[in-house]
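Whatever order the structure lists ligands and atoms in, that order sets their numbers, starting from 1. Computed from a predicted model, the values in this text were never measured in an experiment. Along the sequence shown, the residues carry numbers beginning at 1.
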Amino acid sequence: MSPASRVAGQRLSPIRRMAVGAPSGTISLALGEPGWPLPDVARRALAEVGQSAGPLPYGPNTSRPDLVQAIAAHHSCSSADEVMVTSGSQAALFALFQAHVDPGSTVLVPDPGFVSYPSLARLCGADPVGYPLATGGHLDAQALVQTLEAHPQTSMVVLCHPANPTGGMASETDLATVADACARRGVLLVSDEVYRELWVDERPPSLHDVAGVGGGVVLGSMSKAFGAPGLRLGWAVGAAEALAPARIVHNAMTTAPAQPSQAGAVALLTAADEVLTESRRHVRARWETVAQVASALTTSAGSPARPARAGIYLWVPVPDSSLTAADTAPDDPTLAFALRLRDEGGVTTVPGSAFGPRGAGHLRVSLGGALDELEEGLRRLAPWWTT
Ligand SMILES: Cc1ncc(COP(=O)(O)O)c(C=O)c1O
C-alpha cells in the first residue's frame with residue numbers, strides 16, 4: 001500500500017524531530033506553547049462539564065451560539081456568519097486552504113514562516129512560494145507585492161504577525177498595502193494573528209483594523225494568549241462568503257470542536273480582559289528574564305530592528321564562527337549548530353532553516369515554557385553567544 005501522492009514527501013515537523021534523540025536532562029526551548037497554568041475560569045468550566053448529569057451532545061455544527069457570539073464580540077464583528085469556530089486555528093488553516101487553493105496555483109507564505117503553511121499548500125497540490133521579510137523579521141509589504149506580481153497564479157497570501165518564528169510585526173501601512181494588492185487581484189488574504197494578544201510594549205494592529213472584516217480572514221486561537229493549547233480550539237473571522245466553503249471542509253473533517261473545549265473557550269472569552277492581562281504579565285516576565293540572563297542573545301537579535309516585544313519567540317542569529325558544516329547535518333550548518341546546542345549545551349531550540357531557506361543562520365528560541373526552565377535554558381545558551 002502506498003499513500004496518496006499529496007502526502008508523499010511530507011515529513012514530521014522539524015520541531016518534533018529536534019526532540020527525537022535529545023539526551024536526558026535537555027531543556028526544551030523549542031515548543032511554541034504557553035507554560036503557565038490554565039486560567040481558573042477554564043478549569044472551573046471544564047469541571048462543570050464533567051460533573052453535569054445527562055448526555056454530552058454533539059451540539060450545532062457551527063458550535064455553541066454563545067461561543068460564536070463571544071468570538072464575534074472579541075473581534076468587534078457584527079454577524080455570526082463572519083465567525084467559523086474550528087478545532088484549533090490549525091484546522092481553520094486546513095479548511096481555508098482546502099476551500100480556496102486549487103491544484104497548480106501558488107500560495108505566498110512568509111519565509112521564514114510557520115512550518116505548516118507550505119505543507120498545507122502542498123496538500124492542496126499547490127506550490128508554496130516564500131516571500132522575504134524585512135530586517136528583524138517584520139512584514140515588508142513591497143517585497144510581498146513584488147512576489148505577488150511575479151506569481152499571477154496566486155490563490156492565497158498568508159501573513160503571520162506577530163510572526164512565528166521571527167517575532168516580527170506588521171505596520172498598519174504595510175497591512176493596508178497588502179490588503180489592497182490582494183483585493184485588486186481577487187486573492188484571499190489570510191492573516192494569522194494567533195500571537196497578537198501576547199504583546200509587551202504596544203498592541204499590534206490587526207488586518208481588520210485597517211482593511212475591515214472584508215479585507216481578509218483573521219485567525220485567532222485559545223492556544224497562545226488564552227493559555228489553553230490543549231483545548232484545541234481556534235477560529236477564523238472574515239467575510240461570510242470566504243468562510244462558507246471552508247465550513248464545508250471543517251464539517252467534513254471534524255464537525256465542531258469538543259463540547260468541553262467549547263465550554264472552556266466561552267469561559268475564557270467571557271473573562272478575556274483578566275485572562276489576557278495575566279498572560280501578558282507572564283510574557284513580560286519571560287522577556288525580562290531574557291534581558292537579565294542572556295542579554296547577549298537579544299543584542300545579537302538586533303534590538304534596533306526590533307522596536308517592540310511581542311509573542312513568545314526570540315529569533316537569534318547563529319554566531320558566524322559556529323556556522324560550519326558538520327557530519328551531523330552536512331547540508332545544513334544551522335541544524336548542525338542546533339544539534340550541538342542540544343547535545344553539548346543541553347538545550348533544544350529550532351534551527352531557522354526549518355522555517356524556510358531564508359531562516360538559515362538563525363535559531364528560534366521559545367520563551368513560552370515554564371519560567372524556571374527558561375531561565376536555566378538561557379543560562380546554558382548564553383556562553384555560546386559571548387565566547
Ligand atoms: C503561527 C501559528 N499559527 C497557527 C498555529 C496553530 O495553533 P492552534 O492550532 O493551536 O490554534 C500555530 C501553532 O504553533 C502557530 O505558531
Close approach of C160 to ligand 1, heavy atoms, under 4.0 angstrom: yes

Under 4.0 Å to a heavy atom of Y117 - the qualifying atoms of ligand 1, by number: 1 (C)

Whether Q98 side chain and V249 backbone form a donor-acceptor pair below 3.5 Å: no

Side chain Q259, main chain P57, donor-acceptor under 3.5 Å: yes

Atom 14 (O) of ligand 1 - nearest protein heavy atom and its distance: K224 NZ, 2.7 Å

Ring centre gap for H74 and F226 strictly below 6.0 Å: yes

For R232, atoms of ligand 1 separated by under 4.0 Å from a heavy atom: 8 (P), 9 (O), 10 (O)

Sequence neighbours excluded, every pair satisfying salt bridge (Lys or Arg N to Asp or Glu O under 4.0 Å) that has a member inside residues 264-278: E278-R281

E33 touching ligand 1 at heavy-atom level, < 4.0 angstrom: no

N/O separation below 3.5 Å, S223 to ligand 1: yes

Plane angle bin for W384 and F337 - parallel if under 30°, tilted between 30 and 60°, otherwise perpendicular: perpendicular

Shortest protein contact, atom 6 (C) of ligand 1 (heavy atom only): S89 OG, 3.3 Å

Salt bridge (charged side-chain N to carboxylate O under 4.0 Å, His left out) involving R185 - partner list, sequence neighbours excluded: E149

Ionic contact status for E197 with R203, cut-off 4.0 Å: yes

Heavy-atom donor-acceptor pair, S366 side chain to L31 backbone, under 3.5 Å: yes

Shortest protein heavy-atom distance from atom 12 (C) of ligand 1, along with the residue and atom involved: F114 CZ, 3.4 Å

Distance-only N or O hit between ligand 1 and S221, under 3.5 Å: yes

Sub-4.0 Å atoms of ligand 1 with respect to non-hydrogen atoms of G88: 9 (O), 11 (O)

Distance filter under 4.0 Å to V194 heavy atoms, resulting ligand 1 atoms: 2 (C), 3 (N)

Taking atom 3 (N) of ligand 1 as the reference point, the nearest protein heavy atom with its distance: D192 OD2, 2.5 Å

